[in-house]
Amino acid sequence: MISFDLIISLSKRRGFIFPGSEVYGGLAGTWDYGPLGVLMKENIKREWWRAMLEPHIYPLDSAILESAKVLEASGHVRNFSDPLVECQKCKKRFRDDHIPHVPGDIVNPNTRRCPECDGNLGEVRHFNLMFKTHAGAVEDESAVVYLRPETAQGIFINFKNVVDAFHPKLAFGIAQIGKAFRNEITPRNFLFRSREFEQMELEYFCDPQNAEQYFGDIRAMRMKWFIDLGIKKENLQFHDYGPLELAHYASATTDIEYRYGLSENEFSELEGIANRTDFDLKNHFKGYSWIEGEFVAKDSGFVPYVIEPSVGVDRAFLAFLIDAYTEDEVGGEKRTFLKLHPKIAPVKVAVFPLVGNKENITVKAKEVFDSLRKHFTTRWDDIGNIGKRYRRQDEIGTPWCVTIDYQTLEDDTVTIRDRDSAKQERVAITDLKNLISEKLQ
Ligand code: GAP
């Protein structure tokens, strides 16, 4: 397993991810996306939209600040908490479920010791994970608002708006990508558990009779999405929840887990797929039901069920990075490269003039660069020898490097080098665009 330190240091060195508020000593649980991180994250989000945007799926972008009433109705004010224990000696706080259990005694926290200083742990308390703030100048209870802990509630409270505007038939979905905030007790493991993160969520509304069928279909569809985008099958698995693991709103949940290598069994949650039943719609729209294609204030019809696949963009980002991290040898030299799927790679193609001091080569190379960058995220590099330039692109996962050399001046051909095989091929400049486009399909 690759160490997290290698991934964190590559991410920082090459401009993918920087620690949040770093110049002031850092702010735990926050990360800033650097230039390559932004490009790669956008690619992940674009692929998700591409998979989601069927004609009967409606996109949404709801507000991050939510009325306290929304989160009271959804059950988050009451239930969205983690069990917290405090060490009586060093005063550090931990999630109770993250403290190793003493065999034979899994319920009494006092028999477990602080993982930092071995002190006694206090009683378990429940700590609400939502960030609370106040809207406007007065900081009283009536001004309390929350930063949303999931994007899903923004979808549920807009259910009737979407139905009234578009008159969709069941089943249909509303999808959203956006930030979510949780005051995690112990943010950790790089992007895996942070306090500010992004989610990609689909709420798929259906007749309760069909909910089980859709749950199965969506579960399979989401696993395929990761595999099609290059994550190795052996690093992914399903985890079906038992009754005691379910969230307060769910009747069934399956996680897609990735082998991040964090815990003993190495697999941890990447995406959750839940049958949220009619829990949310019933709470936000009391007495409403679905009758003849409308959502109306009568309770003689049924309340649609909802199937929800929900994945953290940052967790997906981390899984793509870890899965792509590869070390091999090329020409007797060790190299590190990111074997990212070309659709996820932040830069698609790099253009090099073979030498930087021959004007006719540079001019030709600029022409090629300008023609490619209209279509693909393209980078220019004329620093150092070609071998070093290849290594730099390998390390950020660029799938193709195009070199303009002396032969180009004679016959308008260039070399295109493949990141994974490190092999070069000679092709006509006029064929480059199609060749790369085809590989990106
Ligand atoms: N709407 C359902 C929901 O929010 P969840 O399992 O709490 O369910 C869904 O979160 C996904 O959001 C997770 O599978 C994970 O990918 C991501 N996620 C949750 N908490 C996170 C955190 N603190 N940091 C990064 N990603 C997180």
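Every number for a ligand or one of its atoms is a count from 1 in the order of the listing. Nothing here was measured: the structure is a model prediction, and the numbers come from that model.
With contacts defined as side-chain heavy-atom distances shorter than 4.5 Å, the pair Lys433/Phe376 qualifies.
Counting protein heavy atoms only, atom 7 (O) of ligand 1 is closest to Arg182 NH1, 2.8 Å. Among all non-hydrogen protein atoms, the one lying nearest atom 8 (O) of ligand 1 is Tyr249 OH, 3.8 Å. In terms of protein heavy-atom proximity, atom 13 (C) of ligand 1 is closest to Glu269 OE2, 3.2 Å. Atom 25 (C) of ligand 1 has its closest protein heavy atom at Phe192 O, 3.2 Å. Scanning the protein for heavy atoms near atom 12 (O) of ligand 1, the closest one is Gln199 NE2, 3.3 Å. Atom 9 (C) of ligand 1 has as its closest protein heavy atom Ser310 OG, 3.0 Å. Closest to atom 2 (C) of ligand 1 among all protein heavy atoms lies Glu308 OE1, 3.0 Å. Remark: minimum distance from atom 24 (N) of ligand 1 to any protein heavy atom is reached at Ser194 N, 3.0 Å.
Distances between N or O atoms of Phe197 and those of ligand 1 include no value under 3.5 Å. For ligand 1, the polar-atom distance check finds no N/O of Pro149 at less than 3.5 Å from any of the ligand's N/O atoms.
Tyr204 and His56 have their aromatic ring centers within a separation under 6.0 angstrom. Between Trp31 and Phe190, the distance from one ring center to the other falls under 6.0 angstrom. Between His341 and Phe320, the ring center distance fails the sub-6.0 Å criterion.
Under 4.0 Å from ligand 1, the heavy atoms of Arg276 that appear belong solely to its side chain. At a 4.0 Å heavy-atom cut-off, ligand 1 touches Glu271 through the backbone alone. Under 4.0 angstrom from ligand 1, the non-hydrogen atoms of Arg315 all belong to its side chain. In Leu270, the part holding a heavy atom less than 4.0 Å from any atom of ligand 1 is the backbone.
Proximity to Glu184 (heavy-atom distance under 4.0 Å) selects the following atoms of ligand 1: 22 (C), 23 (N). Residue Glu150 has at least one heavy-atom neighbour below 4.0 Å for each of these atoms of ligand 1: 1 (N), 2 (C), 3 (C), 4 (O). Those atoms of ligand 1 with a heavy atom of Gly272 less than 4.0 angstrom away are 14 (O). For ligand 1, the atoms lying closer than 4.0 Å to a non-hydrogen atom of Glu201 are 1 (N), 2 (C), 3 (C), 4 (O).
Both the sub-6.0 Å distance and the 45° axial angle are not jointly satisfied by Arg46 relative to the ring of Trp49. A cation-pi arrangement is present between Arg219 and Phe238, with the terminal nitrogen or guanidinium carbon under 6.0 Å from the aromatic centre and inside a 45° cone about the axis. A cation-pi arrangement is found for Lys41 relative to Tyr33, the charged atom lying closer than 6.0 Å to the ring centre and inside a 45° cone about the ring normal. For the pair Arg315 and Phe192, the cation-pi test (distance below 6.0 Å, angle within 45°) is passed.
Considering Arg335, Arg13, Arg389 in turn, Arg13 is the only one that fulfils the salt bridge (Lys or Arg N to Asp or Glu O under 4.0 Å) rule with Glu395.
With no hydrogens or angles considered, no side-chain donor-acceptor pair links Asp5 and Ser3 at under 3.5 Å. For the residue pair His284 and Gln153, a side-chain donor N or O sits within less than 3.5 Å of a side-chain acceptor on the partner. Using modelled atom types and a 3.5 Å distance limit, the side chains of Tyr249 and Asn283 yield no donor-acceptor pair.
Taking 4.0 Å as the cut-off, Phe181 does not count as a neighbour of ligand 1 on heavy-atom distance. Judged by the shortest distance from any of its heavy atoms, Asp314 lies outside the 4.0 Å radius around the atoms of ligand 1.
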